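I have placed the structure first, in the form of structure tokens, so that the comments after it can refer back to it.
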4 protein chains.
Amino acid sequence: MDNKRELIFEATEKIIATKGLQGLSMQQIANEAGVAAGTIYRYFKDKDELIGELRKNVLRVVANHILKNSREGTLEQRFKRIWFNIVDFGRQRTPANLSYEQYIHLPGIDSDPHQTFEKTTFGELHLLFEEGKAEGLFHSLHNKALFAVSLEPAVALGRSIRRKQLEYDKAELELACNLCWQTITKQTKRSYQDYE
Amino acid sequence: MDNKRELIFEATEKIIATKGLQGLSMQQIANEAGVAAGTIYRYFKDKDELIGELRKNVLRVVANHILKNSREGTLEQRFKRIWFNIVDFGRQRTPANLSYEQYIHLPGIDSDPHQTFEKTTFGELHLLFEEGKAEGLFHSLHNKALFAVSLEPAVALGRSIRRKQLEYDKAELELACNLCWQTITKQTKRSYQDYE
Amino acid sequence: MDNKRELIFEATEKIIATKGLQGLSMQQIANEAGVAAGTIYRYFKDKDELIGELRKNVLRVVANHILKNSREGTLEQRFKRIWFNIVDFGRQRTPANLSYEQYIHLPGIDSDPHQTFEKTTFGELHLLFEEGKAEGLFHSLHNKALFAVSLEPAVALGRSIRRKQLEYDKAELELACNLCWQTITKQTKRSYQDYE
Amino acid sequence: MDNKRELIFEATEKIIATKGLQGLSMQQIANEAGVAAGTIYRYFKDKDELIGELRKNVLRVVANHILKNSREGTLEQRFKRIWFNIVDFGRQRTPANLSYEQYIHLPGIDSDPHQTFEKTTFGELHLLFEEGKAEGLFHSLHNKALFAVSLEPAVALGRSIRRKQLEYDKAELELACNLCWQTITKQTKRSYQDYE
DNA sequence: TATGAATGAGTTTTCATTCAT
DNA sequence: CATGAATGAAAACTCATTCAT
């Protein structure tokens, strides 16, 4: 049954989110999932595979959240939707988000699942950025750099809110989002104050 | 002699940087440092203390790099110096930088050394941001948010360059830096194109 | 199965009896019990718990032996039965007896299992001694003192026989037992020689 | 200097008396003695030798205490002096006494120092018992048995008082001592009550 | 298919002993 | 002589994995 597999999956995600990858034993997972330790090996070759599958899954979930409705509307609407998707996802205390942050900064990110994730997520953003540059609307920066200046702030803001280092404030986020949008666009006519 | 202690320290940092915190055994450290396993315990109570001391040390190093010369010159000069400090540090493949990224996203960051680090680093930036806001130069955002929109991009850019996802390009960085500066400032007179 | 637990128990008791508590390693126990080292930890939290459980068990066994049939018959019959129970148990080269002597003279006897043992064993003897004193048959000494003069000799004799410092001699023991009985009783009519 | 040797000796005795033989490390001894760990090896070949020497020493001290003034006076006076020597020594919380009780019930008592101790102490008592038997005053029991019925009570009483299981009561001890004396003597004329 | 007891290699940690200073 | 840093073998303990039921 894939039911058991799912149970194991969720149990593992939950433990990683709360206690981290460090103190993660198969017994713990079995207990949390309510199955026997041996059962895990019916669904996953070994611990590495379980962790690997989980990583893939987490990245898939993250990509889905971030890219939700990312194709409708104008460039600006699409950008801002993604920007808020990132903030909203980052704010959550879900296992997916919490374990995501642990995976992302591990040595060996060159690994397969992460490559795929990057391609999926970034492929979509790639299109957005390229379009913006083709229209002469965005600055002529590499996409990675465009992401860094316009979307990393969203990642950081979501995290800060989740960690209670920053209160959730719709107006402040709107302003930040607009600033990010303007950062990548070569806007000349409208003045900054329009947004404040 | 503090020589041995230093050797152990560096060996541990190196291993964490390359293989991560996961597969870190005392024997490995001993081998890398060229000492006997038991020797480590003359300098550190146990593994936890070793890791803890290392964490403190890494955070200290990072703070030093980032805040280098952060008090001289105009607000703009100070901001840009810090911005580039962040990029330059993030670009390095030093053990300090590599292990920093692993520490920073672990569960339990509320711990002591990290608090101190935050206070040191952020205290300095705090002053900068407050000054800018007092002068009416910066947007009225919380400091965390100002950091997110103006300095997180630098963190991300440094990392991307180190990971070869982005080539080091002085001009591109200058532009990005200026964009970040403008993002937090309520500039009206100069147009964006001035920087391109 | 409690089979493994029992195996571990017996192996440990045996090693303590022969080699003492000092050189007692988990590996040794595992070897003697014919199980893997890790298996011990399925049944006992750690070495301390194993030793503690063993201690409790040994004390229980000792109490059982000593108090066997200790309630039937006259005061004299009861006393003498206990006296011989003590000698007989002390003579044995059983692990229970051998490890008992090691536990009993360790620092920290105030610990729980020992308290219980004392209460069990001594509670029974308490009744005996109190009865004897109430009848005006025993000397007015504290029970501990009555034990010391009348039953410690039995402990010592059993031990000496076990250690081959004294041959087992039924007649000699009978005499000694009678002497002990007379020691605690305020006998006036019968002369000592009656027993020789 | 034999001063250092003595320091090490006393430190070891003290630790054994308080914490037992179990948790006894050379470093601990060195700390307690105020010398370096390596220094111990100038005076003792290894840990075994140190413990062995200590054992010998302790047994010597014990023998001295017990046999103090054991040769003066009548048989009765000599016996009673020894009896009280035993009680008085056993009552003390001295390292010598506390570690004695730990040594005495260890496996491997057949070892050299203990043999010598037995010979010294028991040799003296041997004479006493033989004399008593030759005079027809003592029961015809083996010396070990005579010791068991007459002096083991003193050992037990001293220990009980030290452990606060029994209060020190001169009169009670006098009575107990007399009972012990009468236990080994074939007294016919005097009745027991004379002592109460 | 599921279990969970058992394994044993691997990990952290201790500690008697050595040896350069 | 004395030191105490360093050693490394051995101890306690953990945990991924296997396998009989």
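Computed from a predicted structure; not experimentally measured. Throughout, protein chains are lettered first and strands after them, A, B, ... in sequence-line order, and every chain is numbered starting at 1.
The nearest pair of heavy atoms linking C/Phe44 to C/Glu49 is CA-OE2, 3.6 Å.
In the set F/dA6, E/dA16, E/dT3, the nucleotide with an atom closest to the side chain of B/Thr39 is F/dA6. Considering only side-chain atoms of C/Lys47, the nucleotide from E/dA16, F/dT3, F/dA12 that sits closest is F/dA12. Comparing E/dT12, F/dT7, F/dA11 against the side chain of C/Ser25 picks out F/dA11 as the nearest.
Stem analysis of DNA chain E (Watson-Crick or G-U pairs, both distances under 3.5 Å, runs of at least three) returns E:2-21 with F:2-21.
In this structure, the CD1 atom of A/Ile8 is 13 Å from the C1' atom of E/dT3, given to the nearest Å. One interatomic measurement links the two molecules: CZ of C/Arg5 to P of E/dA6, which rounds to 13 Å at whole-angstrom precision. Rounded to an integer number of Å, the gap from NZ of D/Lys4 to P of F/dG4 is 11 Å. The distance from atom NZ of D/Lys45 to atom C1' of E/dT18 is 14 Å, rounded to the nearest whole Å.
Using cut-offs of 30° and 60° on the angle between ring planes, the pair A/Phe89 and A/Tyr100 is perpendicular.
Under the side chain to side chain contact (heavy atoms under 4.5 Å, CB included) test applied with D/Ser99, the options D/Asn57, D/Ile15, D/Ile16 reduce to a single match, D/Ile16.
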Could you walk me through whether B/Thr94 and B/Leu98 pass the side-chain contact (heavy atoms from CB on, under 4.5 Å) test, one step at a time? CA-CA 6 Å; B/Thr94 57; B/Leu98 293 170; over 6 Å; no
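Comment: B/Lys45 does not engage B/Glu53 in a salt bridge, judged by the lack of any side-chain N to carboxylate O separation of less than 4.0 angstrom. Using a 4.0 Å cut-off between a side-chain N of Lys or Arg and a carboxylate O of Asp or Glu, C/Glu101 and C/Arg162 qualify as a salt bridge. Under a 4.0 Å N-O distance rule, the pair B/Arg55/B/Glu13 does not qualify as a salt bridge.
The shortest distance between the side-chain N/O atoms of B/Tyr41 and the OP1/OP2 oxygens of F/dA6 is not below 4.0 Å.
Nearest-nucleotide assignment on DNA chain E puts the 5′-proximal partner with A/Ala37, out of A/Ala37 and B/Asp48.
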Give each protein N/O atom lying under 3.5 Å from an N/O atom of nucleotides 19-21 of chain E, with the pair distance.
none

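Atom CG in A/Asn64 sits 8.5 Å away from atom CZ in A/Arg60 (nearest 0.5 Å).
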